Amino acid sequence: MSTQIEETLVLVKPDGVARNLSGEILRRIEAKGYSLVDVKLVEPDRSLLVEHYAEHEGKPFFEPLVEFMESGAILALRIAGERVIDGFRALAGTTDPTTAAPGTIRGDLGRDWGGKVQQNLVHGSDSAESAARELALWFD
């Protein structure tokens with residue numbers, strides 16, 4: 001039975017970078033068996049973030065999310081592995097850090113920021129199509 005290696009985008013969001021959690025997040029990704037293909041620290045401009053989150057434009061959380069993502073440095077990661085898209089999303093945990101399961105990045109390291117669930121440490125692509133689109137935005 002052959003396995004397919006996938007690639008996905010992971011972003012360590014400004015709260016993760018500011019709290020010095022990038023190393024711990026990288027450790028968990030590597031401990032899971034995924035490979036770091038490309039890594040860069042960026043301070044994205046609004047146009048990149050608007051394009052990245054385009055499917056959410058018009059939703060009530062869109063502007064606060066873009067503003068938060070503009071607020072500091074982001075560690076952008078291209079990671080690879082078998083079923084890495086689903087695997088990383090499971091490793092990250094549910095969106096709300098308060099209810100994310102123990103053992104996940106958000107469950108162990110996330111904090112409640114007064115209901116601002118966009119401040120949840122990491123982003124991971126949700127499908128192969130999203131991963132391809134997002135990787136093309138963040139990496140040349």
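None of the values given here were measured: they were computed from a predicted structure.
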Engineer: Answer yes if Leu41 and Leu36 sit in the same cluster of Ile, Leu, Val, Met, Phe, Trp and Tyr residues linked by side chain heavy atoms under 4.5 Å apart, and no otherwise.
Structural biologist: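 As far as the 4.5 Å side-chain criterion goes, Leu36 and Leu41 are connected within one cluster.
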
Engineer: Check each of Glu63, His56, Glu57 against Lys59 using the side chain to side chain donor-acceptor pair (under 3.5 Å) test, and report the only one that passes.
Structural biologist: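 The passing option is His56.
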
Engineer: Can a salt bridge be assigned to the pair Arg28 and Glu24 using a cut-off of 4.0 Å between side-chain N and carboxylate O?
Structural biologist: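 Yes, Arg28 and Glu24 are salt-bridged.
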
Engineer: When you compare the side chain of Phe62 with that of Leu49, does any pair of heavy atoms fall below 4.5 Å?
Structural biologist: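 A side-chain contact is absent here, since even the closest heavy-atom pair is not under 4.5 Å.
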
Engineer: Grouping I, L, V, M, F, W and Y whenever their side-chain heavy atoms are under 4.5 Å apart, do Phe88 and Leu26 come out in a common cluster?
Structural biologist: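 Same hydrophobic cluster.
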
Engineer: Out of the candidates Glu134, Glu6, Glu7, only one should pair with Arg78 under the salt bridge (Lys or Arg N to Asp or Glu O under 4.0 Å) rule; please name it.
Structural biologist: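 When salt bridge (Lys or Arg N to Asp or Glu O under 4.0 Å) is applied between Arg78 and each of Glu134, Glu6, Glu7, only Glu7 qualifies.
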
Engineer: Can you find a heavy atom in the side chain of Pro44 that is under 4.5 Å from one in the side chain of Trp138?
Structural biologist: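 Contact flag for Pro44/Trp138 side chains = yes.
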
Engineer: Restricting to non-hydrogen atoms, name the atom on Pro97 and the atom on Gln119 that form the minimum distance, rounded to 0.1 Å.
Structural biologist: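 In terms of heavy atoms, the two residues are closest at CG-O, 4.2 Å.
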
Engineer: Give the minimum heavy-atom separation between Ser125 and Ile85, together with the two atoms involved.
Structural biologist: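 Heavy atoms of Ser125 and Ile85 come nearest at O-CG2, 3.5 Å.
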
Engineer: So Glu82 and Tyr34, do their side chains get closer than 4.5 Å, heavy atoms only?
Structural biologist: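 Heavy-atom side-chain distance check fails, nothing below 4.5 Å.
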
Engineer: First locate atom OG1 of Thr8, then atom CZ of Arg83, and finally report the distance between them rounded to the nearest 0.5 Å.
Structural biologist: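 CZ of Arg83 is found 13.5 Å from OG1 of Thr8.
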
Engineer: Taking C-beta and beyond as the side chain, do Leu21 and Ile105 meet within less than 4.5 Å on heavy atoms?
Structural biologist: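 A side-chain contact is absent here, since even the closest heavy-atom pair is not under 4.5 Å.
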
Engineer: Stepwise, does the side-chain hydrogen bond (donor to acceptor under 3.5 Å, both in side chains) test hold for Ser47 with Asp45?
Structural biologist: CA-CA 6 Å; Ser47 64; Asp45 60 23; 2.9 Å; yes

Engineer: Under 4.5 Å between any side-chain heavy atoms of Asp126 and Arg89, yes or no?
Structural biologist: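 A side-chain contact exists here, since the closest heavy-atom pair is under 4.5 Å.
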
Engineer: Does one hydrophobic cluster hold both Val122 and Val66, with members joined at side-chain heavy-atom distances below 4.5 Å?
Structural biologist: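 No, it is not one cluster - the side chains of Val122 and Val66 are not joined through contacts under 4.5 Å.
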
Engineer: For the atom pair OH (Tyr53) and CZ (Phe61), what is the distance rounded to the nearest 0.5 Å?
Structural biologist: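 Tyr53 atom OH to Phe61 atom CZ measures 9.5 Å (nearest 0.5 Å).
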
Engineer: Should the pair Glu51-Arg133 be classified as a salt bridge under the 4.0 Å nitrogen-to-oxygen rule?
Structural biologist: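 Salt bridge absent between Glu51 and Arg133.
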
Engineer: Heavy atoms only: give me the nearest Ala100-Thr94 pair and the separation to one decimal.
Structural biologist: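 Looks like CA-OG1, 3.3 Å.
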
Engineer: Assigning hydrophobic clusters by single linkage (Ile, Leu, Val, Met, Phe, Trp, Tyr; side-chain heavy-atom cutoff under 4.5 Å), is Val37 placed with Val84?
Structural biologist: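 No, Val37 and Val84 fall in different hydrophobic clusters.
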
Engineer: Counting C-beta onward and ignoring hydrogens, is there a side-chain heavy-atom pair between Leu48 and Leu137 closer than 4.5 Å?
Structural biologist: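 Side-chain contact under 4.5 Å: yes.
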
Engineer: Give a yes or no on this: more than 12 heavy atoms of other residues, nucleotides or ligands lie within 6.0 Å of atom NZ of Lys32.
Structural biologist: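 At most 12 heavy atoms, drawn from other residues, nucleotides or ligands, come within 6.0 Å of this atom.
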
Engineer: Just how far is it from atom CG of Leu9 to atom CG of Leu135, taken to the nearest 0.5 Å?
Structural biologist: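 Separation between the atoms: 5.0 Å.
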
Engineer: Apply the side chain to side chain contact (heavy atoms under 4.5 Å, CB included) test between Ile74 and each candidate in Met69, His123, Lys13; give the one that qualifies.
Structural biologist: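 Result for side chain to side chain contact (heavy atoms under 4.5 Å, CB included) with Ile74: Met69.
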
Engineer: For Pro60 and Pro64, which heavy atoms make the closest approach, and how far apart are they?
Structural biologist: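 What the structure gives for the nearest pair is O-CD, 3.5 Å.
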
Engineer: Tell me whether Leu77 is reachable from Leu11 by hopping between hydrophobic residues (I, L, V, M, F, W, Y) whose side-chain heavy atoms are closer than 4.5 Å.
Structural biologist: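 Shared cluster, no.
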
Engineer: Is any side-chain heavy atom of Arg19 less than 4.5 Å from a side-chain heavy atom of Leu121?
Structural biologist: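 Yes - at least one pair of side-chain heavy atoms lies under 4.5 Å apart.
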
Engineer: If we ignore hydrogens and angles and just use 3.5 Å, is the side chain of Asp108 paired with the main-chain N or O of Gly103 as donor and acceptor?
Structural biologist: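 The answer is yes, because a donor-acceptor pair under 3.5 Å joins these two groups.
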
Engineer: Indicate the atoms forming the closest heavy-atom contact of Ala92 with Thr104, along with that distance.
Structural biologist: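 Ala92 and Thr104 have their closest heavy atoms at O-CB, 3.7 Å.
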
Engineer: Give a yes or no on whether the backbone of Asp96 and the side-chain of Asn120 come within a donor-acceptor separation of less than 3.5 Å.
Structural biologist: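 Checked: no pair found.
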
